[in-house]
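Data first, discussion second: the structure below is written as C-alpha cells.
Order of listing sets the numbers, starting from 1, for every ligand and every atom in it.
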Amino acid sequence: MIKVAINGYGTIGKRVADAVSVQDDMEIVGVTKRHPGFEARHAVEKGYDLYAALPEKQDDFRKTGIDVMGTIHDLLEKADIIVDCTPGGIGAGNKPTYKKAGVKAIFEGGEKHDVAGFSFNAECNYEGAIGRDFVRIVSCNTTGLCRVIHPLNEAFGVKKVRAVLVRRAADPGDVKKGPINAIIPDPIKLPSHHGPDVKTVLPEIDITTMAIKIPTTLMHLHTLNMVFNSVPGADDVKAVLQKGPRIRFISAADGLTSTASIIEMARDMGRPRYDVWENCIWEDSIDVEGGELYFFQAIHQESTVILENVDAIRAMTNLERSAEKSMQKTNRAMGLV
Ligand code: NAD
C-alpha cells in the first residue's frame, strides 16, 4: 500500500483523499488543514489523521476540540508521496520542504509547469510520469481539453484547435469571489493561458483559446472547433470519443440541456458531492461543417482532475506501468463505468 498524504484539505484535497481511500493499492496516512473549522472536523470524523499545515497553528485546533496528530513535518515522515492541494502559487513554496523530507510530490493546476517540469494527463503522457519525484496535474479546463484533443489527434491528425471556454466564476463554497453579476472576458488580452497549458502536455498541438467568466458555480462549458489533416465525418468523431475512458455522451433529447441538468443528473446518480469526473459531451452538438469539427462539452471544475491525481500516484510510485490499466482501476474503484 502506497502511503499518501494530502496538504490542503479543501475543494480538491478532500476529493483526492476520498478517491485514494477507495483504491486497493494506496491509502491516506493523513491530511492537513491550515485552520480549524468544519472541514477539519469532518476530516477527523471521517477517520483521516489530521495535521496542522502551519506548525505554529497546532494549538488553534486543540483549543477548538479538534484532534491534530502533529504538524506537516510529522506527516511527511509517514508518507511515500504528498498531494499538494493548497491554493495556486503556494505549492511551489512547499517544494523544498518535500524535497528535504525525500517525499515525492504532486502539484495541482494552479502551479506553473516549472514547479515539477512535467505536466500530466493520464491519457496523454502517463508513461512519462513513471518513477518521477515531482509531477503537476494540469487544471480542470486543460484536462478536459486534453481528453478530447489527444484521441482525435491520434485518429485524424489535428491541424488546429480553437476553443472558447465559458468559465464558472467561483466554486459553490467560495463566497469570497461572489456575488457577481457580470460577463468578464478573462483575460481581456488574448489568447487565454489555457492553450499554452495544453501544450505543456501536448506540445505539438496548434491551439488558441479565449475564456469568459460568467455568474455560475456549477461547471465550465467549452465550445470547440477543430481542423484535421484527414477530414472525418461526425460519426467517425463520435466513434473515437465514445471510446474515451473518461467521456460521457449526453443528449438534449434526454433532457440534458444545460450544466444545471447535468448536476441534477449527478445528484440523482448519488455521485459524492454531485461530482462529475468525466467530460460531458453533447452528442447532438457534434457536427462537421466545411471540413471543421464543432461541439460543446461541460467540465465539472471541482472533480475532473481527481482521477488524474490517482493515476499520477500510481505512475510515480511504480505501482502500474500501463496507463490503460491504471485508468481502468481508478475508474472502477470510483464506480465510473
Ligand atoms: P481551496 O481553497 O478549496 O483549498 C485549498 C486548501 O488549502 C484549503 O483547505 C486551505 O485552507 C489550505 N491552505 C491554504 N494555504 C495553505 C498553506 N499554506 N499550507 C497548507 N494548506 C493551505 O483550493 P482548491 O480549489 O482545492 O485548489 C487547490 C489547487 O487545485 C489549486 O492549485 C487550484 O488551482 C487547483 N484546481 C482547482 C480546481 C477548482 O475548480 N477548485 C480545479 C482544478 C484544479
Side-chain angles (χ1 to χ4, degrees), residues 5-19 30-44 48 50-58 60-61 66 68 71-73 75-76 82-98 105-116 119-121 135-147 165 167-178 186 193-194 197 211 213 216-221 259 263 273-277 279 298-309 312:
I6 305 287
N7 194 16
Y9 189 78
T11 307
I12 300 297
K14 59 179 128 174
R15 287 172 168 81
V16 174
D18 290 355
V31 305
T32 78
K33 278 299 287 176
R34 199 164 58 137
H35 300 294
F38 77 92
E39 283 174 318
R41 202 177 294 283
H42 279 151
V44 174
Y48 295 129
L50 182 69
Y51 293 80
L54 308 177
E56 65 277 16
K57 299 278 182 195
Q58 231 186 132
D60 292 2
F61 289 88
I66 299 175
V68 275
T71 72
I72 175 82
H73 302 290
L75 175 57
L76 281 167
I82 188 156
V83 187
D84 187 300
C85 301
T86 60
I90 305 273
N94 292 335
K95 187 178 173 184
T97 309
Y98 305 148
I106 292 177
F107 300 93
E108 301 299 319
E111 304 301 320
K112 294 199 165 59
H113 171 76
D114 297 350
V115 73
S119 291
F120 178 87
N121 173 264
V135 161
R136 165 184 175 258
I137 310 293
V138 289
S139 73
C140 48
N141 278 311
T142 306
T143 298
L145 289 169
C146 287
R147 281 182 187 165
L165 315 184
R167 299 179 49 208
R168 62 91 179 94
D171 290 338
D174 187 1
V175 291
K176 290 191 298 294
K177 292 182 185 155
D186 185 34
H193 72 275
H194 304 92
D197 204 32
K213 210 153 65 167
T216 180
T217 61
L218 297 182
M219 296 179 96
H220 303 300
L221 191 140
T259 52
I263 293 297
R273 303 184 176 96
Y274 65 70
D275 283 351
V276 187
W277 306 297
N279 290 25
I299 302 295
H300 185 225
Q301 76 280 359
E302 296 171 287
S303 63
T304 293
V305 301
I306 303 309
L307 310 177
E308 312 296 322
N309 276 270

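- Residues Tyr51 and Asn7 bring no donor and acceptor atom of their side chains to less than 3.5 Å of each other.
- In this structure, atom 43 (C) of ligand 1 lies nearest to the protein heavy atom Cys140 N, 3.8 Å.
- Atom 35 (C) of ligand 1 has its closest protein heavy atom at Glu108 CB, 3.8 Å.
- Contacts of Tyr9 with ligand 1, taken as heavy-atom pairs under 4.0 Å, involve the backbone alone.
- Remark: side-chain polar atoms of Gln58 are not paired, donor with acceptor, to backbone N or O of Ala52 under 3.5 angstrom.
- A salt bridge links Asp18 with Arg273: the closest approach of a Lys/Arg side-chain nitrogen to an acidic carboxylate oxygen falls below 4.0 angstrom.
- Nearest non-hydrogen protein atom to atom 36 (N) of ligand 1 is Ile12 CG1, 3.8 Å.
- The proximity of Asn7 to ligand 1, defined as any non-hydrogen pair under 4.0 Å, is limited to the side chain.
- Look at Arg136 and Asp197 and you find a salt bridge, because one of the NZ, NE, NH1 or NH2 atoms lies within 4.0 Å of a carboxylate O, short of that distance.
- Judged by distance alone, the side chain of Ser303 and the main-chain N or O of Val276 form a donor-acceptor pair under 3.5 Å.
- The closest donor-acceptor contact from the side chain of Thr217 to the backbone of Asp171 lies at 3.5 Å or more, if one exists at all.
- The shortest N or O to N or O distance between Arg168 and ligand 1 is below 3.5 Å.
- For ligand 1, the polar-atom distance check finds an N/O of Gly110 within less than 3.5 Å of one of the ligand's N/O atoms.
- Checking atom 4 (O) of ligand 1 against the protein gives a heavy-atom contact under 4.0 Å.
- Asp114 and Lys112 are not joined by a salt bridge, as no carboxylate oxygen comes within less than 4.0 angstrom of a charged side-chain nitrogen.
- Here the protein heavy atom with the shortest distance to atom 18 (N) of ligand 1 is Ile90 CG2, 3.5 Å.
- The shortest N/O to N/O separation between Ala53 and ligand 1 does not fall below 3.5 Å.
- Regarding atom 29 (C) of ligand 1, its nearest protein heavy-atom neighbour is Thr86 O, 3.5 Å.
- At a cut-off of 3.5 Å, with distance as the only test, a side-chain donor of Thr86 or Asp84 sits close to an acceptor on the other residue.
- Listed by number with element, the atoms of ligand 1 under 4.0 Å from a non-hydrogen atom of Gly88 are 31 (C), 32 (O).
- Nearest to atom 41 (N) of ligand 1 among the protein's heavy atoms is Asp171 OD2, 2.6 Å.
- Here Arg15 pairs with Glu302 in a salt bridge; the nearest charged N to carboxylate O distance falls below 4.0 Å.
- What sits closest to atom 9 (O) of ligand 1 on the protein, heavy atoms only, is Lys33 NZ, 2.7 Å.
- To the nearest 0.5 Å, atoms CG (Leu165) and CG (Leu145) are separated by 5.5 Å.
- Considering both main-chain and side-chain atoms, Thr11 comes within under 3.5 Å of ligand 1 through a nitrogen or oxygen pair.
- Side-chain N or O atoms of Asp186 include none that pairs as donor or acceptor with a backbone N or O of Lys213 at under 3.5 Å.
- Protein heavy atom in closest approach to atom 14 (C) of ligand 1: Pro87 CD, 3.3 Å.
- Ligand 1 has no N or O atom lying under 3.5 Å from any N or O atom of Glu39, backbone or side chain.
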